[in-house]
Amino acid sequence: MAIARNISKSKHIKNIFRYKSSAASALCIENKIIHPKPYSDVPGPKPIPLLGNTWRLLPFIGQYDISDVAKLSQLFYKEYGKIVKLSGLVGRPDLLFIYDADEIEKIYRNEGPTPFRPSMPCLVKYKSEVRRDFFGEEGGVVGVHGEPWKTFRTKVQKPILQLKTVRKYVEPIEAVTSDFLARMIEIRDENQEMPADFDNEIHKWALECIGRVSLDVRLGCLDPNLKHDSEALKIIEAAKYALRNIAILELRFPFWRYFPTTLWTRYVKNMDYFVEICMRHIDEAMDRLKHKTVKDEKDLSLVERILASEPDPKTAYKLALDLILVGIDTISMAVCSILYQLAIRPEQQEKMYAELVRILPDKNEPLTVEKLNQLTFLKAFVKEVFRMYSTVIGNGRTLQEDTVLLGYHVPKGVQVVFPTLVTGSMSEYVSNPTEFLPERWIKQGSGQDKIHPFASLPYGYGARMCLGRRFADLEIQVLLAKLIRSYKLEFLHDPLEYKVTFMYAPDGELKFKVTERP
Ligand code: HEM
C-alpha cells in the first residue's frame, strides 16, 4: 500500500510538471499522451439561469440547509463521486469538492510559498475596506493572502510555534483549567449534572485561555459572579456571533456585498469591538513590559516577545485579534465534541483514566510538558475524535495555477474544498473507518491500521497550517488530564446528533454527569 501510494505520488508530481510545461494541456504518463477532460465536464448540481446554484442554499426554497454542510458534503460524494463542482454561486468562484486523499496531498504539496485559503470574504472586506485605516497593508493572517500574509506570518509564527513558548503556558493554562473545574463543581445540579448551557461554560474556559495567551491577561470569564454586562461575556457573545454568521454571510446570497444588511452591520460592530479590546489589553501589556527587567528571552510571555521584536504594537494587536477570532469557537467546539465522546464511551474513558493514574499518581501534582508527552492514549483519543467528527469539517485552497485533478483540467481561481470529515472515514484511506479506535494512532505501521496521512488533517497542512495548533493541543490535553484524572464523566440522555453551526459538534444540551473519582 505504502509503495503503491509512493508510486502514485511520484506520478502525480511528474504529472504536474509535465502538465505545466505542456502548451497542449496534455499529460504524458508512461509515454502515453492523455488529454485531461475539460472543466465543464466535472459533475455536480447544475446551476439554473440567473440564480445559479446559490438558490440551493436559500432558506425555504433551497434544497440544502446551510447548517447541514456536513451532510451536504457527504451527499455530494454519494451522488457525484470523487470530484464535484458547485458552480454558479453568486458573487464567488466555483467550489470544487475533492474526495481523494492523493489529490489533496498533491495540492497541498504544490501550493507554493503563499497558499491561498479561500475563507471569510466578509473578514477580507472588513480588514481591507471597512477598517483599512487600522489594518493597512498587513492585515494579519486570517483572511489575508499573498505577500502581506507571508510577511505577517513570518513575523509571528516562530514565537507562537516554538515549543519553548508553549512550555511556558502549561502552568497558566493549568491554572485557568483548575478554575474551570471548580466552576463545574459549583454549577452541578442535584443529579450531579452540568446545566443545559454547559457549552457556554466551555466557551468561557476557551476565552480565558486565549485571553491569557494572546492578551496576557486573565479576563475573569470563570468568575462565579460574572455580570451580564461584563467584558468577558461581551467578548464571548461577539465571538459566537461573528463565527456563527460567517457561513450565512458567505454562502447564502451575499447581499452584504452590495448594501449594508442588518447582519453585516452587526458583524462590523462586533469586529470593531474586538479591535478595541485587543488594543486596550496590548497597550497595557506594553506598559508593563516597559517597567519589567528582562534578563532572558525566556522571561517573556508570547505577547511580550512579539512586542519586543516588533515595537509597533499594531503587529501584536492584529495577531491577538486573529487568535481570538479563530481560537475560541474552534477549541470550545472541539472540547464539547471530545467530552461528549468520552462520556458515551465508558471503556475508553477508563483507559484514559488508567493512563492518567499511571503518569500522575498524585492527582494534585502540577502538570509538565514531560508528563503530557507521556499521555499516549489521551492524545490518540483526541486524534480519533478529530478523524470521525472533524471539528473543522473541511479545509481548502484557491488554485493559483491551472491544475489537473482526477483527470480534469481545473482552471486557476477555483476554490478547492478538502472535505476532511468525509475523507477521514473513507475505507480506501482508513481501515475499519466506522469503528472508533484510538489505538489505530498508536499502532500505526502494523499494516492493519492504514491511515492515509492526508485523509484526516484537523489542523490543515503546510505553510498555512493552523497557527494556534500547539496551544490548541496543550489546552485540550491539560483539560482532559485534569478533568478525567479527578472525575468520571457520563451522559445519561438521548444521544445527540452532530451538526455544523460553524464548527462540527454535538447539537444539544451537554448535561454531563460529573462524579468524583476516589
Ligand atoms: C481544536 C482546535 C482547532 C482546530 C481544529 C483548528 C483548525 C484549523 C485549520 C484547519 C486551519 C486552516 C489551516 C490550513 O489552511 O491549512 C486553521 C487556521 C488557523 N488557526 Fe486553528 N484550529 C484550532 C484552534 C486554534 C486556536 C486555539 C488558535 C489560536 C490560538 C488558532 C489559530 C489559527 C490561525 C491564526 C489560523 C490561520 C493561519 C493562517 O492562515 O496563516 N486555531 N486552524
Side-chain angles (χ1 to χ4, degrees), residues 104-105 107-109 111 113-120 123-124 127 138-146 148-157 159-161 165-166 169 173 176 202-203 205-215 239 243 278 302-303 306 318-339 379 382-383 385-387 389-398 415-421 423-424 454 456-480 502-505:
I104 293 172
E105 174 170 7
I107 301 168
Y108 270 134
R109 289 195 189 278
E111 63 187 6
T114 55
F116 194 117
R117 187 181 53 249
S119 60
M120 309 190 179
L123 185 63
V124 174
K127 285 185 170 183
E138 281 170 28
V141 286
V142 184
V144 178
H145 304 290
W149 165 80
K150 195 172 148 207
T151 315
F152 194 89
R153 175 125 184 172
T154 310
K155 276 185 195 167
V156 299
Q157 85 166 354
I160 297 189
L161 293 175
T165 314
V166 180
Y169 283 86
I173 298 295
V176 170
I202 296 178
H203 259 85
W205 164 82
L207 180 52
E208 196 65 24
C209 289
I210 201 75
R212 190 63 188 76
V213 170
S214 62
L215 299 173
L243 282 161
C278 292
L302 172 64
V303 173
I306 303 279
K318 293 178 206 170
L319 175 66
L321 179 75
D322 276 354
L323 295 182
I324 289 175
L325 281 185
V326 286
I328 305 175
D329 245 33
T330 41
I331 190 99
S332 42
M333 295 303 217
V335 164
C336 289
S337 178
I338 294 165
L339 295 186
K379 286 190 250 177
V382 173
K383 282 189 183 163
V385 176
F386 282 150
R387 180 189 72 77
Y389 309 93
S390 186
T391 311
V392 176
I393 59 164
N395 197 17
R397 294 286 183 258
T398 297
Q415 298 188 350
V416 182
V417 180
F418 313 137
T420 321
L421 187 65
T423 51
F454 285 76
S456 170
L457 287 173
Y459 293 119
Y461 180 84
R464 249 207 123 133
M465 196 175 176
C466 175
L467 195 54
R469 64 190 183 275
R470 289 213 195 276
F471 283 104
D473 279 341
L474 176 72
E475 289 169 27
I476 294 171
Q477 287 164 19
V478 169
L479 176 63
L480 293 185
F502 180 64
M503 303 294 147
Y504 192 58

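Numbers here simply count residues along the sequence, with the first being 1. Values reported hereafter were calculated over all heavy atoms of this structure, with side chains retained and with hydrogens, waters and symmetry mates removed. In listed order, ligands and their atoms are each counted from 1.
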Output the list of atoms in ligand 1 that are nearer than 4.0 Å to some heavy atom of Ile210, sorted by atom number. 29 (C), 30 (C)
Ligand 1 to Tyr461, heavy atom cutoff 4.0 Å, flagged ligand atoms 16 (O)
Who's closest to atom 7 (C) of ligand 1 heavy-atom-wise, of Ser214, Ala320, Pro458, Ser337? Pro458
On a heavy-atom basis, the closest approach of Ile107 and Val416 is CD1-CG1, 3.8 Å
If you measure from CD1 on Ile328 to CH2 on Trp205, what distance do you get to the nearest 0.5 Å? 12.0 Å
Can you sort out which atoms of ligand 1 are near Arg153, meaning under 4.0 Å from one of its heavy atoms? 38 (C), 39 (C), 41 (O)
For Ala334, atoms of ligand 1 separated by under 4.0 Å from a heavy atom: 1 (C)
Is there a donor-acceptor contact under 3.5 Å linking the side chains of Tyr461 and Arg109? yes
Which label fits Phe471 and Tyr169: parallel for a plane angle under 30°, tilted from 30 to 60°, or perpendicular past 60°? perpendicular
Listed as residue and atom, the protein N/O/S atoms under 2.8 Å from atom 21 (Fe) of ligand 1 are Cys466 SG
I want to know if ligand 1 touches Asn395 in the polar sense, i.e. an N/O pair below 3.5 angstrom. yes
Are Glu111 and Arg464 ion-paired here, with the side-chain N under 4.0 Å from a carboxylate O? no
Say whether Asp322, considering both its backbone and side-chain N or O atoms, lies within less than 3.5 Å of an N or O atom on ligand 1. no
Can you check whether Arg464 has an N/O within less than 3.5 Å of an N/O in ligand 1? yes
Once you round to the nearest 0.5 Å, how far does OG of Ser214 lie from CG of Leu319? 7.5 Å
Just which atoms of ligand 1 are under 4.0 Å from any heavy atom in Val141? 35 (C), 39 (C), 40 (O), 41 (O)
Ligand 1 atoms in contact with Phe386 (distance to a heavy atom under 4.0 Å): 1 (C)
